[in-house]
Amino acid sequence: MLQGYLVVEKDGRRVPIFSELTVGRTQDSGLVIEDTAASRRHVEIKQNGGRMLWRDLGSTNGTMINGSRMLAGELKDGDRIQIGETVLSVHLETAERDSSQKKPDSRLFSETILNLSGEVEAQSGESDKATALLEAVYQVVNDIADNDDPGTLMHRILETTLRAISGQRGAIFLSNEGGELEPLPACCVASDGAGGLSPAAPMAFQVSSTVTQRVLRHGESVLFQDSDADSEFNASASIMSLQLRSILCVPLRAKDKILGLLYIDSNRDDQKYNHDHLLLAAAVGNSAGIALENARMHRQMLDKQRIEQEIETAWTIQEGFLIKDWPNSDPRYAVYGETRPAKTVGGDFYDVVQPAPDVVGLLIGDVSGKGVPAALTMAQLLAEFRLFARDSISPATVLKRLNENLARRSRRGLFCTLSYLTLDLKTGALTCANAGHSPLLIIAREGTSYFCEASGPPAGILPDGPWHDEGAVLNPGESLLLYTDGIVEARSMTTRVHSHEAEPVEFESSGLSEAAKPCYGRPPLELIAAINAQVKRFCAPAQPHDDCTMIALRYTP
């Protein structure tokens, strides 16, 4: 078998590659690299049929293999992977498989019994029977180890168990949150009487509710035989109506709960189940329950990885559209913006335009939802904004045109809060329109004040909006701050005096106003840095739960 290692050339770390390995900046990566050019999940490496395959996970800065930029391929011994300034050497070697791990023969046990004369004695039927049951348990456990798909796993377990005990009919049921049984579509099997098995329709598979409810309530394994004259089950209407002669029913046990049950019955006098069959079924049920829980956890892990990849892709899209080269050629104003994403990337965005020589415009917005859909909507809104702002000076007109397109293509309640303002650089005249967003903050020498409350709902909700322009005058030296709700809704946990219970307290607009007040006259970058520092201190030791996005402008005519 192939055994691979990644060696970090900078510090000599040697990390083994098992079935798969993820390389990136997140702490749950198999190999964590502290490199600013690395994405959160940058590269994935997997073993496949004796080959070591790799692929770039949509990283921002790309991956170099032996000096060439590539997206995917097969790794060979001695290859060098470069991510930013970090270089990883690939070491592959072939390891001999331990003979003790070889797949056993079809029989789990092979035995010989000798008498005192050294002659071989025939094995008893009971021994053969015990061996057959042990082999069946081994086969089921082997199936569990080789399969992580819940449906396929359960069907294979049921089929193997029925063959081992020559069962007539069986099914696996899962228990929902209400305690009701739901058969798996592929997990109802019937025997044809000659050892062959075939699928049975789940809806036509009737079972004894008396037996199944006892197993679910008490978590015990049940064996019913109609020869038990005093058995409580003989009076069961369900058993009588189905004319059942023998029933095996065992729970599928997880660590701390019962996930469902394995049910096998027979209506034939010559096919009754016994205690050995019950022991086999109980062993299978315990193993199957743990396997089912592990399979679910595996699915959850894959879903988590998919979500993380989606977040990484969303952030890549978002970064690609947000402005990075801030204008500095006009001495009449200075502008700077920044977004700090929380664990889940949202749809915060900002932009700056200069639709006329003496006019500058600032936009900020927040798309509802998270991940790729929000990032794609943000990208389209920014592209349309840059087109509409070029043709119109009125902020309200720009918002109405953005809303028209967003409302037409909006699905599943997608909407966006927006605030757009223009500043006349000759006169300081300020014009703003607000669609469901937070008001902007003016930082003056004498203090701070809020301006331009929302005059209508967020864009994308109504086909026509009532938004209108509001006016004010910005004096020389004063600054404007636009922000998203991640700033004012940042949370800190405080403790009540009497109950000693922690409850969340938000930063709120008052906290923002206090944080910005001492920053009069400071450049936009320093203003935003100071507010971010205050928000971080407020939330400590936790981090802000939502994206913190701001854009600021200082008027210096």
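What's counted below: heavy atoms across the whole structure, side chains too, no hydrogens, waters or symmetry copies. As the structure is a computational prediction, the values presented were derived from the model and not from experiment.
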*Drop me the distance from Leu158's CG to Ile172's CD1, to the nearest 0.5 angstrom.*
5.0 Å
_Main-chain N/O of Arg41 paired with Ser39 side-chain donor or acceptor, under 3.5 Å_ = no
*Donor-acceptor pair, Glu44 side chain versus Glu20 backbone, under 3.5 Å?*
no
*Can you name the closest pair of heavy atoms from Arg169 and Asp265 and give their distance?*
NH2-OD2, 2.6 Å
_On a heavy-atom basis, which atom in Cys548 and which in Ile487 lie closest, and how many Å separate them?_
CB-CD1, 3.6 Å
*asked:* Are Val23 and Val32 packed together at the side-chain level, in the sense that at least one heavy-atom pair is separated by less than 4.5 angstrom?
replied: no
*Decide, yes or no, whether a salt bridge links Arg25 with Glu34 under the criterion of side-chain N to carboxylate O below 4.0 Å.*
no
_Distance, nearest 0.5 Å, that separates CD1 of Ile45 from CD of Glu74_ = 12.5 Å
*Does Ser246 reach the main-chain N or O of Tyr273 with its side chain, forming a donor-acceptor pair under 3.5 Å?*
yes
*Given Val15 and Val7, is the side-chain contact (heavy atoms from CB on, under 4.5 Å) satisfied, shown in steps?*
CA-CA 6 Å; Val15 180; Val7 177; over 6 Å; no
*Just do the side-chain contact (heavy atoms from CB on, under 4.5 Å) check on Gln380 and Arg409 with the steps written out, would you?*
CA-CA 11 Å; Gln380 189 160 7; Arg409 64 175 181 266; 3.5 Å; yes
*Is the closest side-chain heavy-atom distance between Arg13 and Leu6 below 4.5 Å?*
no
*asked:* Assess, by modelled atom type and distance only, whether the side chains of Arg51 and Asn48 contain a donor and an acceptor separated by less than 3.5 Å.
replied: no
*Atom CD1 of Ile258 and atom CZ of Arg217: how far apart are they, to the nearest 0.5 Å?*
11.5 Å
*Is any side-chain heavy atom of Ile264 closer than 4.5 Å to a side-chain heavy atom of Ile247?*
no
_Derivation and outcome, side-chain contact (heavy atoms from CB on, under 4.5 Å), residues Leu75 and Leu53_ = CA-CA 6 Å; Leu75 293 175; Leu53 305 179; over 6 Å; no
*Nearest 0.5 Å please: distance from the CG atom of Asp276 over to the CD1 atom of Ile165.*
11.0 Å
*asked:* For a side-chain contact (heavy atoms from CB on, under 4.5 Å) check, start with the C-alpha distance between His275 and Leu279, then their side-chain angles and the critical distance, and finish with the verdict.
replied: CA-CA 6 Å; His275 187 256; Leu279 291 177; 3.6 Å; yes
_Would the distance check show the side chain of His218 and the main-chain N or O of Gln213 forming a donor-acceptor pair, the cut-off being under 3.5 Å?_
no
*Counting only N and O atoms by type, is there a donor-acceptor contact under 3.5 Å from the side chain of Asn403 to the main-chain atoms of Leu462?*
yes
*Taking all non-hydrogen atoms of both residues into account, name the closest pair between Phe173 and Tyr263 and its distance.*
CE1-CB, 4.3 Å
*Which distance, rounded to the nearest 0.5 Å, do you find between the CZ of Arg40 and the OG of Ser59?*
13.5 Å
*Would a 4.5 Å heavy-atom cut-off, applied to side chains only, mark Ile83 and Val43 as touching?*
yes
*Looking only at heavy atoms, which two atoms of Arg491 and Cys539 are closest? And how far apart?*
O-SG, 3.4 Å
*Heavy-atom distance under 4.5 Å between the side chains of Arg214 and Leu216, does that happen here?*
no
*asked:* Are the side chains of Arg245 and Arg268 in contact, using a 4.5 Å heavy-atom criterion?
replied: no
*Do side-chain atoms of Asp35 reach the backbone of Thr86 as a donor and acceptor pair under 3.5 angstrom?*
yes
_Tell me the closest heavy-atom pair linking Val250 and Val215, and the distance in Å._
C-CG1, 3.9 Å
*Spacing of Ile17 atom CD1 and Trp54 atom CH2 [to the nearest 0.5 Å]*: 13.0 Å
_Run Asp348 and Thr484 through side-chain hydrogen bond (donor to acceptor under 3.5 Å, both in side chains) and show every step you take._
CA-CA 7 Å; Asp348 287 10; Thr484 58; 2.9 Å; yes
*Would you check if the side chain of His277 reaches a backbone N or O of Asn274 as a donor-acceptor pair within less than 3.5 Å?*
yes
*Contact summary for Cys416 and Val367, nearest pair of heavy atoms*: SG-CG2, 3.8 Å
*asked:* Under 3.5 Å, is there a donor on one side chain and an acceptor on the other for Thr63 and Asp56?
replied: yes
*Would you call Arg340 and Asn532 a side-chain contact if the rule is heavy atoms closer than 4.5 Å?*
yes
*Got a donor-acceptor contact below 3.5 angstrom from the Thr549 side chain to the Phe349 backbone?*
no
*Could you tell me whether the side chain of His42 and the main chain of Gly62 form a donor-acceptor pair under 3.5 Å?*
yes
